[in-house]
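Each remark here refers to the structure printed beneath this line.
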2 protein chains.
Amino acid sequence: MTEAALESMTIGQVANAAGVGVETVRFYEREGLLAKPPRRPSGYRQYPPVAVRRIRFIKRAKDLGFTLGEIRELLALRVDPRTTCGDVRDRAEAKIADIDGKLLALQRMRAALVDLTKACSGRGPTSECPILDALDEEEDR
Amino acid sequence: MTEAALESMTIGQVANAAGVGVETVRFYEREGLLAKPPRRPSGYRQYPPVAVRRIRFIKRAKDLGFTLGEIRELLALRVDPRTTCGDVRDRAEAKIADIDGKLLALQRMRAALVDLTKACSGRGPTSECPILDALDEEEDR
DNA sequence: ATACGGTCCGTACCATACTACGGAGTCAAG
DNA sequence: CTTGACTCCGTAGTATGGTACGGACCGTAT
């Protein structure tokens with residue numbers, strides 16, 4: 001185990017350093033999220049250490065709710081000299097609006113479920129359960 | 001179009017009345033969410049009108065954030081005489097906890113994105129974008 | 001020199017919830 | 001009795017984000 005991030009790394013080293021699996025690295029390459037690295041004569045991928053950073057970038061963006069498709073766009077924006085920081089901010093703002101929509105939907109679900117559980121004593125057979133009854137109602141909401 | 005929900009309905013009538021596609025009805029049957037209906041000699045499914053209700057039940061539960069797997073359990077609870085209303089309430093409460101987890105995650109995402117957009121003037125090239133920089137940082141959070 | 005682990009590739013598979021397709025048979029209206 | 005809409009079935013495809021497999025080859029430590 002010669003640890004030196006100086007020249008080039010194998011796919012396993014990159015995956016390990018970035019905290020993902022080897023298969024995930026190959027998957028990101030196939031999906032165009034990660035540049036195809038040069039190969040050794042044997043066919044082994046040779047990664048520059050910056051590849052680890054790229055993968056961490058992907059992970060962070062994913063944590064912020066971006067899909068891989070959106071992350072691909074983000075990475076493209078970064079490379080394209082015609083785009084500005086405002087283009088990136090637009091993406092971030094769109095994602096915030098996106099999240100707001102999901103928050104609203106979840107809050108509504110939650111309120112409906114809370115209402116239902118409040119109506120349910122917890123005793124009695126399921127045939128008299130107000131929760132199931134509510135789901136079963138013909139005309140509702 | 002003889003509309004009479006008196007005896008039995010075809011799959012198309014059921015799907016239409018419930019607001020789903022024919023394929024969805026067959027899908028729910030395959031997935032065990034919908035009882036297999038009797039057939040006519042030709043093989044055509046013959047649905048009792050209550051099937052429409054069952055599908056609407058599924059739709060409402062889905063709207064509340066239950067997965068088809070969870071809905072299958074909910075339907076099983078209803079049929080099993082040993083289960084009580086409390087069992088159903090437990091499911092609902094677990095789903096609320098579930099939703100709370102998602103809400104928290106989304107709120108955190110949102111806050112992080114808002115922070116990033118605040119740091120971004122919108123002007124300048126992407127090479128100087130604080131949002132992309134933040135995603136790219138080696139040591140972070 | 002050989003063994004063991006890493007890497008190669010293509011393909012298939014996981015879960016979720018459907019949706020589409022093709023070819024044959026059926027039903028009902030005109 | 002013909003026509004057009006509906007239904008049958010099994011299989012395959014959609015999108016998302018990976019994970020797993022298998023057989024062959026590579027690299028290095030002993």
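Order of the sequence lines fixes the chain letters, A, B, ..., with proteins taken first and strands second; residue numbering starts at 1 for each chain. Remember, it's a predicted structure, so these values are computed and weren't measured experimentally.
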Phosphate contact ([N] OP1 or OP2) by [X] side-chain N/O below 4.0 Å:
X: T24(A); N: dT19(D); result: yes
X: T67(B); N: dT16(C); result: no
X: S42(A); N: dG27(D); result: yes
X: R45(B); N: dC8(D); result: yes
X: T10(B); N: dT7(D); result: yes
X: R30(A); N: dT11(C); result: no

Given dG18(D), dC18(C), dA17(C), which nucleotide is nearest the side-chain atoms of K62(A)?
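Minimum distance to the K62(A) side chain belongs to dG18(D).
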Here's a test of your reading of the structure: between R40(A) and G12(B), which maps to the more 5' nucleotide of DNA chain D?
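Upstream on the strand: G12(B).
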Starting from the 5' end of DNA chain D, give me the residue, R26(A) or G43(A), whose nearest nucleotide shows up first.
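On the 5' side of the pair lies R26(A).
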Looking at Y28(A) and dG18(D), is any side-chain donor or acceptor paired with a base atom of the opposite kind under 3.5 Å?
no
Can you find a donor-acceptor pair, distance only, under 3.5 Å between Y44(A) side chain and dG6(C) base?
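Side chain to base: pair found, below 3.5 Å.
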Map G69(B) and E23(A) onto DNA chain C by nearest heavy atom, then report which one ends up closer to the 5' terminus.
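Per heavy-atom nearest nucleotide, the more 5' residue is E23(A).
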Between Q46(B) and M9(B), is any pair of side-chain heavy atoms under 4.5 Å apart?
no
Do the side chain of R56(A) and the main chain of A18(A) share a donor and acceptor less than 3.5 angstrom apart?
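No.
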Mind running side chain to side chain contact (heavy atoms under 4.5 Å, CB included) on I58(A) and L68(A) for me, showing each step along the way?
CA-CA 8 Å; I58(A) 296 168; L68(A) 294 188; 4.2 Å; yes
Heavy-atom pair of closest approach, residues R54(A) and L75(A):
CD-CD2, 4.3 Å
